[in-house]
Each structure stands twice: as structure tokens, then as C-alpha cells.
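Every value quoted in this text rests on a predicted model; they were computed, and no experiment measured them.
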Amino acid sequence: IPGVGHKYYLQFTTEDYRSREDVGSCLATVLFEKGNSPPAVTINCADTKDEKQIQEEDNAFYQKLKQQSKPIVANDIPDSYGNIEPAFEPVWALAVVGSSKIMWEKSTENLSYSMAQVKSAKQWIRQDDFIEFDYTVLLHEIPTQEMISCHLRVIWLPGHPLKVKYFCASDNQWFEETSGMESGSAAGILQEKEENF
């Protein structure tokens, strides 16, 4: 778009993070305005997975995290061989979802990110039903091949949006954001006061 930037039209399929099965198809437009990041994204997806099944999986995932007798503390997920202990799979999955917010906000037309590793994870015990973790993650920056260290805090409860607050070594301030615009499956906007965060 002359004087504005580049607009892309995309058609893609989505897959379940764990089973790798096809769970839907999406149409999206992505506008990279000159000098602006993140891109403006409009997306419409047709899910092939049953909403009730998604909620059941979210609840099972949540229960797995909530049933811990003591707070989870972990380092180097995956390990240097690329392995993730089954007990830490939920910790990794929540970090992937939280990190996607950072990757989306920091990406440009010529720069993208993928999550390489959770360097550290610590669960916080809360008085309410929410799950809360602090993470230090390494993001792989492409095409520079640099590893960017980011600290993020993730708060989530099934049926409620995921809340993400982060700071990256290459930035000089905290960013508080929500991930997604709908509730459920760790997406949407959670109304929570800063002092409770």
C-alpha cells in the first residue's frame, strides 16, 4: 500500500500443540505499517475441534498444574538434548503461549522469533484459583540468530484470558499485555488491577 506499508493475505491451518493433529483453518490479513510494530492482524478461524473438547483439555491441563503439592520450580526446558520431562510439559506449554505475545509484539516484516528454551520457571502460590508463573525464556531471533532473554509473568484460569507481563533484555521497560481477545483456552482480556498482578 503506497505510503502506508505492506499488507499480506494468508490462509493456513492450525494444529494441536501436543498431538499435532489438524484443528482448523484460518484466513488472516497482516498489515506492516511503516515504522510500526506489532503488525495489525485480522484473523478468522474455523475450528474443527469441538469447543467442549477444548474446554475439557484446558481443564485437564489446569488440574495438572493445580494438583502440585508444592510450587513447581524448573530450569532448562527442554534440556540440552531437546528433551522435556513429562512433568514439565504443562510448564513448557504455558510458557509457549505467554511467549507468543512477546514474539508477536517484537516481530517486524524482516524479524521474527521462536521460543528456544525456558531457562527458568517458578510457580507462585495464589489465594485464588489462578495459575501464576514467572519465566525466563530464550527467544531465537531470525535472521540475526541472536538469543534474546526475556522475563515474563503469566497468569491464567480456564475460561479466562491469559494475562502476560514481560521484560526483554533488549528493551528498557516492562510491557503489560493480554493475549487474545476472547476468553477460554488461555485467550482474551483479564480485568485485574495492577497491584494484584
Side-chain angles (χ1 to χ4, degrees), residues 1-51 53-55 57-58 61 78 82 92-118 135-156 160-191:
I1 303 172
V4 176
H6 294 125
K7 189 173 192 176
Y8 297 88
Y9 298 89
L10 307 169
Q11 181 176 358
F12 58 93
T13 58
T14 57
E15 65 179 26
D16 185 279
Y17 174 75
R18 293 184 62 154
S19 70
R20 301 291 189 215
E21 68 183 59
D22 182 17
V23 292
S25 59
C26 300
L27 297 172
T29 59
V30 180
L31 174 62
F32 287 98
E33 293 184 68
K34 291 182 179 179
N36 284 346
S37 183
V41 178
T42 304
I43 189 166
N44 188 355
C45 296
D47 296 326
T48 57
K49 202 168 192 177
D50 180 52
E51 184 67 31
Q53 183 183 359
I54 292 170
Q55 289 173 353
E57 289 175 5
D58 277 357
F61 174 73
W92 166 261
L94 200 56
V96 169
V97 175
S99 294
S100 66
K101 179 64 178 177
I102 303 171
M103 293 183 279
W104 172 72
E105 290 211 342
K106 293 178 72 59
S107 291
T108 67
E109 244 179 313
N110 302 311
L111 198 64
S112 64
Y113 299 85
S114 62
M115 195 175 92
Q117 187 179 42
V118 172
Y135 291 101
T136 300
V137 298
L138 292 180
L139 301 182
H140 182 206
E141 188 176 80
I142 301 166
T144 68
Q145 302 303 316
E146 288 184 42
M147 297 302 274
I148 308 297
S149 177
C150 297
H151 176 82
L152 68 147
R153 180 167 290 174
V154 176
I155 299 174
W156 178 66
H160 294 265
L162 184 74
K163 181 88 168 178
V164 176
K165 186 176 181 179
Y166 70 91
F167 174 85
C168 294
S170 60
D171 299 326
N172 58 10
Q173 62 180 341
W174 277 92
F175 294 92
E176 181 182 347
E177 295 293 339
T178 53
S179 178
M181 295 304 288
E182 299 173 1
S183 65
S185 204
I189 300 174
L190 172 62
Q191 301 299 323

What heavy-atom pair brings [X] and [Y] nearest, and what distance separates the two atoms?
X: Leu139; Y: Cys150; value: CD1-SG, 3.9 Å
X: Phe12; Y: Ile43; value: CZ-CD1, 3.7 Å
X: Asp22; Y: Thr14; value: OD1-O, 3.0 Å
X: Ala116; Y: Met147; value: CB-CE, 3.2 Å
X: Ser107; Y: Pro39; value: O-CD, 4.0 Å
X: Met115; Y: Ala95; value: SD-O, 3.7 Å

### Query
So does Gln145 have more than 12 non-hydrogen atoms from other groups sitting under 6.0 Å from CD?
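Check passes, neighbour count above 12.
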### Task
Start with the C-alpha distance between Tyr166 and Val137, add both sets of side-chain angles, then the distance that settles side-chain contact (heavy atoms from CB on, under 4.5 Å), and finish with yes or no.
CA-CA 10 Å; Tyr166 70 91; Val137 298; over 6 Å; no
How long is the gap from [atom1] on [X] to [atom2] on [Y], to the nearest 0.5 Å?
X: Thr144; Y: Tyr113; atom1: OG1; atom2: OH; result: 7.0 Å
X: Ile148; Y: Met103; atom1: CD1; atom2: CE; result: 13.0 Å
X: Trp156; Y: Leu162; atom1: CH2; atom2: CG; result: 8.5 Å
X: Thr29; Y: Tyr8; atom1: OG1; atom2: OH; result: 13.0 Å
X: Lys165; Y: Arg153; atom1: NZ; atom2: CZ; result: 7.0 Å
X: Phe32; Y: Asn110; atom1: CZ; atom2: CG; result: 8.5 Å

### Task
Could you please spell out the steps behind the side-chain contact (heavy atoms from CB on, under 4.5 Å) verdict for Lys106 and Leu111?
CA-CA 8 Å; Lys106 293 178 72 59; Leu111 198 64; over 6 Å; no
### Task
Just do the side-chain contact (heavy atoms from CB on, under 4.5 Å) check on Ile1 and Leu31 with the steps written out, would you?
CA-CA 9 Å; Ile1 303 172; Leu31 174 62; 4.0 Å; yes
### Query
Does the side chain of Val41 reach to within under 4.5 Å of the side chain of Trp104, using non-hydrogen atoms?
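Yes. Closest side-chain heavy atoms under 4.5 Å.
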### Task
Among Val164, Leu94, Val118, Leu152, find the residue that satisfies the side chain to side chain contact (heavy atoms under 4.5 Å, CB included) test when tested with Ser99.
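Answer after filtering Val164, Leu94, Val118, Leu152: Leu152.
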### Check: Gln117 side chain, Pro78 main-chain N or O, donor-acceptor pair, under 3.5 Å
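At least one qualifying donor-acceptor pair exists.
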### Stepwise side-chain contact (heavy atoms from CB on, under 4.5 Å) test for His151 and Thr136
CA-CA 4 Å; His151 176 82; Thr136 300; 3.9 Å; yes
